[in-house]
Amino acid sequence: FWAMLLGFLCMLGVGAAVADPVGPWVVVDTQQQTLTVFTDKGEIVEHLPYASIGRGGVSKDRLHGDRKTPLGTFHVAWINPDSRFALFFGLDFPTVEHADRAYRNRIIDRTTYHRLLDAALEQRIPPQDTPLGGSIGIHGIGDKDQRFHYADNWTDGCVAVTNQEIKKLARWIQIGTKVVIL
């Protein structure tokens, strides 16, 4: 299965992103709703059998407020240990790829496009206040009941796991960790 998944990633154009990762990296499979952590040698070190996604589903072209989980290759850009969701690993969304598509489709203007590009070039957290939205990450469930978590996709576009699982992930995830959401 995992060899097939890596082949699928390459077909999606994510191959370059996963071919030479440094350190552990994460794959969120939105179809299977799983989260898997791989070593840089491709060995599985953590597999979580259920990850909740956005209640709006998934999309390559996420917009602010649509509650969709964006697809693509990201990196952890910030960590909030005091999140209301137990722990929050913020992703560098919107990426340049998302900005390029949004600009071509006239979803964002030239000024916003350049703000996003500048942030990427300067390796800063991308602006979170664009029409594409922001504050996308991987987090726990906070004070929500675990039954609620397993009942339905409930996030506003993030990936959620239980509080115990997010604490386990902290062992593998740090600023810069690659996260592929497919």
If hydrophobic clusters are built by linking Ile, Leu, Val, Met, Phe, Trp and Tyr wherever their side-chain heavy atoms come under 4.5 Å apart, do V180 and V28 end up in the same one?
no
Is there a path of hydrophobic side-chain contacts, each under 4.5 Å between heavy atoms, that joins W25 and I44?
yes
Closest non-hydrogen contact found for A86 with I166 is CB-CG2, 4.3 Å
Hey, is NE2 on H64 packed in by over 12 heavy atoms from elsewhere, all under 6.0 Å?
no
Does the side chain of T69 come within less than 4.5 Å of I136's, by heavy atoms?
no
Can you tell if the side chain of N80 reaches within under 4.5 Å of the side chain of L87, non-hydrogen atoms only?
no
Check the surroundings of atom CD in E122: do more than 12 heavy atoms from other residues, nucleotides or ligands lie under 6.0 Å from it?
yes
Going only through I, L, V, M, F, W and Y residues with side-chain contacts under 4.5 Å, is there a path from I175 to F93?
yes
Under a 3.5 Å distance rule, please check whether T36 uses its side chain to pair with a backbone N or O of H47 as donor and acceptor.
no
Of all residues at least two apart in sequence or in a different chain, which pass the salt bridge (charged side-chain N to carboxylate O under 4.0 Å, His left out) check with R55?
D156
Identify the two heavy atoms, one from S59 and one from R62, that lie closest to each other, and give their separation to 0.1 Å.
OG-N, 4.0 Å
Closest non-hydrogen contact found for V96 with A120 is CG2-CB, 3.4 Å
Closest non-hydrogen atoms of P94 and Q128, given as atom of the first, atom of the second and distance, are CD-NE2, 4.3 Å
Considering only heavy atoms from C-beta outward, does the side chain of V37 approach that of R171 to under 4.5 Å?
no
Report yes or no: do V179 and L169 belong to one cluster of Ile/Leu/Val/Met/Phe/Trp/Tyr joined by side chain heavy-atom distances under 4.5 Å?
yes
CD1 (I53) and CD1 (I181) are apart, to the nearest 0.5 Å, by 9.5 Å
Please find the pair of heavy atoms, one from T95 and one from T73, that lie closest to each other, and give the distance.
CG2-O, 3.8 Å
Do any N or O atoms from the side chain of D92 and from the backbone of H75 form a donor-acceptor pair under 3.5 angstrom?
yes
Aromatic ring pairing F148/W154, orientation class (parallel under 30°, perpendicular over 60°, tilted between)
tilted
Just verifying a value: how many Å separate C158 SG and F85 CZ, rounded to the nearest 0.5 Å?
7.0 Å
Going by heavy atoms in the side chains, are P127 and L116 under 4.5 Å from each other?
yes
Quick one: which residue pairs count as a salt bridge (charged side-chain N to carboxylate O under 4.0 Å, His left out) with a foot in residues 144-155, not counting sequence neighbours?
D145-R147
Atom pair CD (E43) and CZ (F38), whose distance is rounded to the nearest 0.5 Å
11.0 Å
N153 side chain to S52 backbone, donor-acceptor under 3.5 Å
no
Given side chains that start at C-beta, do those of D82 and F88 come closer than 4.5 Å, heavy atoms only?
no
Should the ring pair Y50 and Y150 be called parallel, tilted or perpendicular, given that the plane angle runs from 0 to 90° and is split at 30 and 60?
tilted
Inter-residue atom distance D129.CG - S135.OG, 0.5 Å rounding:
10.0 Å
So which pairs with a foot in residues 44-53 pass salt bridge (charged side-chain N to carboxylate O under 4.0 Å, His left out), sequence neighbours left out?
E46-K168
Hey, could you give me the CG/NE2 distance between L117 and H114, rounded to the nearest 0.5 Å?
6.5 Å
Taking side chain as C-beta onward, heavy atoms only, is T177 less than 4.5 Å from W172?
no
Close side-chain approach of H98 and F74, heavy atoms under 4.5 Å:
yes
Rounded to the nearest 0.5 Å, how far does CD1 of I173 lie from CD1 of I79?
8.0 Å
In sequence, state the C-alpha distance, the side-chain angles, and the governing distance for R104 and D61, and then conclude on salt bridge (Lys or Arg N to Asp or Glu O under 4.0 Å).
CA-CA 12 Å; R104 279 194 314 271; D61 299 311; over 6 Å; no
Minimal heavy-atom distance between L71 and L182, with the atoms involved, is CD2-C, 3.7 Å
Test of understanding: clusters of I, L, V, M, F, W, Y form through side-chain heavy atoms closer than 4.5 Å, transitively. Do I141 and L35 belong to the same one?
no
Contact between L91 and V159 at the side-chain level, heavy atoms closer than 4.5 Å - yes or no?
no
